[in-house]
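See structure below.
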Protein chains: 2
Amino acid sequence: MLDTPGKLLDAAERLFATEGFSAVSLRQIIAEAEVNVAAVHYHFGSKLELLDQVIMRKAGPVNKERLELLDRAEADANGNPEVEAILSAFMLPMAQTATDNPLFPKLMGRMQSEGILSDVIERNFQPVITRFLVALRKAVPHLPDNEFRWRIHFMQGAIACAMSSEPHAVSHPVDDGGFRKRIERLIVFLGAGLRTPSAGEKPHKPSGKNK
Amino acid sequence: MLDTPGKLLDAAERLFATEGFSAVSLRQIIAEAEVNVAAVHYHFGSKLELLDQVIMRKAGPVNKERLELLDRAEADANGNPEVEAILSAFMLPMAQTATDNPLFPKLMGRMQSEGILSDVIERNFQPVITRFLVALRKAVPHLPDNEFRWRIHFMQGAIACAMSSEPHAVSHPVDDGGFRKRIERLIVFLGAGLRTPSAGEKPHKPSGKNK
DNA sequence: GTCTATACTGAGATAGAC
DNA sequence: GTCTATCTCAGTATAGAC
């Protein structure tokens with residue numbers, strides 16, 4: 001059997017991913033892990049730090065592979081990969097993780113939605129995020145800077161929704177091609193949204209029609 | 001001064017929108033509204049039903065106007081409005097509300113993100129949602145049905161993120177042109193994402209290249 | 001019909017015995 | 001390292017004053 005922290009991490013991962021963070025009580029987690037109430041605070045400090053560890057445990061390898069894929073995409077495209085290639089580099093590691101562990105992307109989506117990716121996490125993700133933002137910025141140079149920022153913001157929401165999949169679905173999509181297929185759909189959608197000219201911009205030629 | 005339910009609704013709206021639903025306690029709300037703890041239970045039944053009323057109070061008029069704008073858009077386009085026109089009909093009433101009451105779109109975004117738009121609310125919104133889904137479906141007839149469903153799902157996430165604006169921003173967008181401008185950006189982004197051909201689909205001619 | 005006071009249950013967190 | 005007991009504060013419920 002696993003040790004106490006391991007049992008707690010497993011139980012927490014499962015419950016957080018399926019029920020959400022605030023909906024799950026520490027009592028549920030410790031019951032599932034078959035340990036004592038105080039174990040969480042002894043090993044992790046708080047419910048939120050437990051979540052941190054749950055995420056970190058899986059996020060490290062995913063982020064590492066994201067960067068490697070982005071490196072390769074940039075090498076393949078002489079430093080200027082297409083939007084879709086960049087998005088693929090970001091998403092594919094998630095898809096691969098999802099085949100082993102379908103709970104992890106669900107968890108990430110849920111936590112993003114609940115707005116509780118704590119500071120610790122944000123710091124852990126920041127190198128990856130800024131790296132991808134720079135790459136995306138280069139891929140859509142025609143966009144005004146603030147337009148770009150807003151589109152990234154919109155994209156974030158779409159990604160979170162795509163990951164957690166079913167929570168408050170109004171459209172009831174069906175996962176016919178598996179998680180991988182879902183991500184391909186998302187990339188097509190986001191790629192088109194990101195690369196489209198901003199309002200008032202000429203479709204293909206940036207013919208500086210004043211400001 | 002307002003009556004007790006009115007004071008509670010105002011306080012709850014402000015706090016829910018700025019702090020989130022689960023982050024705000026009933027004690028905070030009743031303190032702000034300067035009423036007794038039991039008032040919430042007496043007038044509304046529970047914290048969740050209080051939220052219901054907070055939303056319903058503002059959502060009714062917004063939804064009504066949404067349907068009117070959609071009717072007009074369909075009339076103007078002989079029954080086949082463009083994607084962007086449909087999205088405008090959905091979003092503009094929010095933008096107008098936002099000028100009087102910036103808290104309401106923020107609240108809607110937050111609640112959507114937290115996944116606690118309760119069943120009562122969902123039932124209240126459903127007529128509007130299905131009406132818009134039908135219109136959008138007609139505007140992108142080239143998409144396979146499941147592709148369409150997924151894109152709506154992605155769109156939902158982007159809208160929620162756009163509404164609540166700043167919570168967990170990694171891109172730090174600036175609201176230069178006001179809420180109205182933000183919505184215009186969103187429509188351009190979503191319009192491009194929705195209308196783009198699905199993977200394996202020919203750009204402009206649906207030349208049935210096998211299944 | 002309304003509001004106040006107060007009690008109940010269950011949450012997260014902590015101190016200290018073992 | 002682990003467990004018991006306990007603290008504080010959340011949402012909820014009820015009894016009874018006005």
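Proteins come first, then strands; the chains are lettered A, B, ... in the order of their sequence lines, and each starts at number 1. Because only heavy atoms are used, hydrogens play no part in the values below, and waters and symmetry mates are left out as well, while side chains stay in.
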Whether the side chain of B:H153 engages the backbone of A:S171 through a donor-acceptor N/O pair (distance < 3.5 Å, no angle test) should be reported. no

Just wondering, do B:T4 and B:N36 contact through their side chains at under 4.5 Å, heavy atoms? no

Check the interface with nucleotides 11-13 of chain C: list each N/O to N/O pair with the protein under 3.5 Å, or write none.
from	atom 1	to	atom 2	distance (Å)
C:dG12	OP1	A:L26	N	3.0
C:dG12	OP1	A:K47	NZ	3.2
C:dG12	OP2	A:L26	N	2.6
C:dG12	N7	A:R27	NH1	2.2
C:dG12	N7	A:R27	NH2	3.4
C:dG12	O6	A:R27	NH2	3.3
C:dA13	OP2	A:H41	NE2	2.9
C:dA13	OP2	A:K47	N	3.1
C:dA13	O5'	A:H41	NE2	3.2

Give me the residues of residues 6-14 of chain B where at least one heavy atom lies under 4.0 Å from an atom of DNA chain D, by number, or none. none

Taking ring pair (Phe, Tyr, Trp, His ring centres under 6.0 Å) as the test, write out the residues that go with A:F179, two or more places apart. none

A:V174 backbone acceptor or donor facing B:W150 side chain under 3.5 Å: yes

When you list every nucleotide of DNA chain D with an atom under 4.0 Å from a heavy atom of chain B, which one comes first 5' to 3', and which comes last? D:dA10 to D:dT14

Check the distance between C:dA5's C1' and B:I30's CD1 and give it to me in whole angstrom. 12 Å

Ring pair (Phe, Tyr, Trp, His ring centres under 6.0 Å) with A:F104: which residues, sequence neighbours excluded? none

Who passes side-chain contact (heavy atoms from CB on, under 4.5 Å) against A:R66, sequence neighbours left out? A:V62, A:N63, A:F90, A:P93, A:M94, A:F125, A:V128, A:F132

Is it the case that over 12 heavy atoms from other parts of the model lie below 6.0 angstrom from the CD atom of B:E34? no

Checking A:R185 against B:F154: charged group under 6.0 Å from the ring centre and within 45 degrees of the axis? no

I'd like to check B:V140 versus B:R151 (side-chain heavy atoms, cut-off strictly below 4.5 Å). Are they in contact? no

Atom CZ of residue position A:R137 - does it have more than 12 heavy atoms of other residues, nucleotides or ligands inside 6.0 Å? yes

